[in-house]
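In what follows, a single structure is set out as structure tokens and then discussed.
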Amino acid sequence: MLTIENLKLLVNCSDNSKDDLLQLIIDKVTTAILSELDIDCLNKKLETIALDLCVLQYHKVVTNGQGSEVPGDITVTAQDIGQVYKSII
């Protein structure tokens, strides 16, 4: 489920100091997926993908954009999600 509480667990954030940032990340990722797929809401599969993207985005933000340059890091775009989603429906 795509909630701030689940995102906080995955990024090991135990207080509320980053709630605004985490919510912004959730909102941006959700909007990107909905826009790319031209749908109104996320199903459970897409929520799982969105949560993973939120974790990646969080790490990119806290490493000042260097997260994408870490060897082995995965770059996923809403377009990639759209292609996967359309192939499974």
Side-chain angles (χ1 to χ4, degrees):
M1 181 182 284
L2 183 58
T3 64
I4 196 167
E5 290 80 17
N6 287 342
L7 182 54
K8 287 169 77 169
L9 286 171
L10 291 172
V11 299
N12 197 26
C13 181
S14 58
D15 61 22
N16 297 331
S17 65
K18 295 189 168 132
D19 281 6
D20 289 341
L21 172 63
L22 296 174
Q23 188 59 56
L24 177 62
I25 290 170
I26 289 172
D27 293 345
K28 288 184 68 152
V29 167
T30 300
T31 300
I33 293 170
L34 294 175
S35 175
E36 179 65 31
L37 299 178
D38 194 26
I39 57 176
D40 295 324
C41 63
L42 301 178
N43 62 29
K44 293 215 181 265
K45 288 180 184 178
L46 287 174
E47 281 187 0
T48 301
I49 294 168
L51 188 56
D52 290 342
L53 286 173
C54 287
V55 171
L56 292 172
Q57 184 63 36
Y58 172 80
H59 287 295
K60 186 174 182 178
V61 168
V62 298
T63 60
N64 295 317
Q66 301 303 310
S68 62
E69 297 177 15
V70 175
D73 193 19
I74 299 170
T75 301
V76 181
T77 65
Q79 183 177 6
D80 296 330
I81 294 169
Q83 291 171 351
V84 170
Y85 181 74
K86 288 175 184 176
S87 73
I88 62 173
I89 58 171

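- With values rounded to the nearest 0.5 angstrom, Ile4 atom CD1 is found 9.0 Å from Asp27 atom CG.
- Minimum heavy-atom separation, Ala50 to Leu2: CB-CD2, 3.8 Å.
- Here the CD-CG distance, from Glu5 to Leu22, works out to 10.0 Å after rounding to the nearest 0.5 Å.
- The line from CG of Leu24 to CG of Asp19 is 12.5 Å long, rounded to the nearest 0.5 Å.
- Checked for salt-bridge contact, Lys8 and Asp15 miss the test: no charged N lies under 4.0 Å from a carboxylate O.
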ask   = Stepwise, does the side chain to side chain contact (heavy atoms under 4.5 Å, CB included) test hold for Gln23 with Leu7?
value = CA-CA 9 Å; Gln23 188 59 56; Leu7 182 54; over 6 Å; no

request  = Evaluate the side chain to side chain contact (heavy atoms under 4.5 Å, CB included) criterion for residues Val11 and Val62: first the C-alpha distance (whole Å), next the side-chain angles of each, then the deciding distance (0.1 Å), finally the verdict.
outcome  = CA-CA 11 Å; Val11 299; Val62 298; over 6 Å; no

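- Rounding to the nearest 0.5 Å places CD1 of Ile26 at 12.0 Å from CD of Gln57.
- Summarising the geometry, atom CG belonging to Leu46 is positioned 8.5 Å from atom CG belonging to Leu34; distances are rounded to the nearest 0.5 Å.
- Residues Met1 and Glu47 come closest through the heavy atom pair CA-OE1, 3.4 Å.
- Not a single donor-acceptor pair under 3.5 Å links the side chain of Ser35 to the backbone N or O of Thr31.
- Annotation: the span from Cys13 atom SG to Asn16 atom CG amounts to 7.5 Å, rounded to 0.5 Å.
- Hydrophobic clustering keeps Leu9 apart from Ile49 (ILVMFWY residues linked when any side-chain heavy atoms are closer than 4.5 Å, directly or through intermediates).
- When all heavy atoms of Ile25 and Tyr58 are compared, the closest pair comes out as CD1-CA, 3.7 Å.
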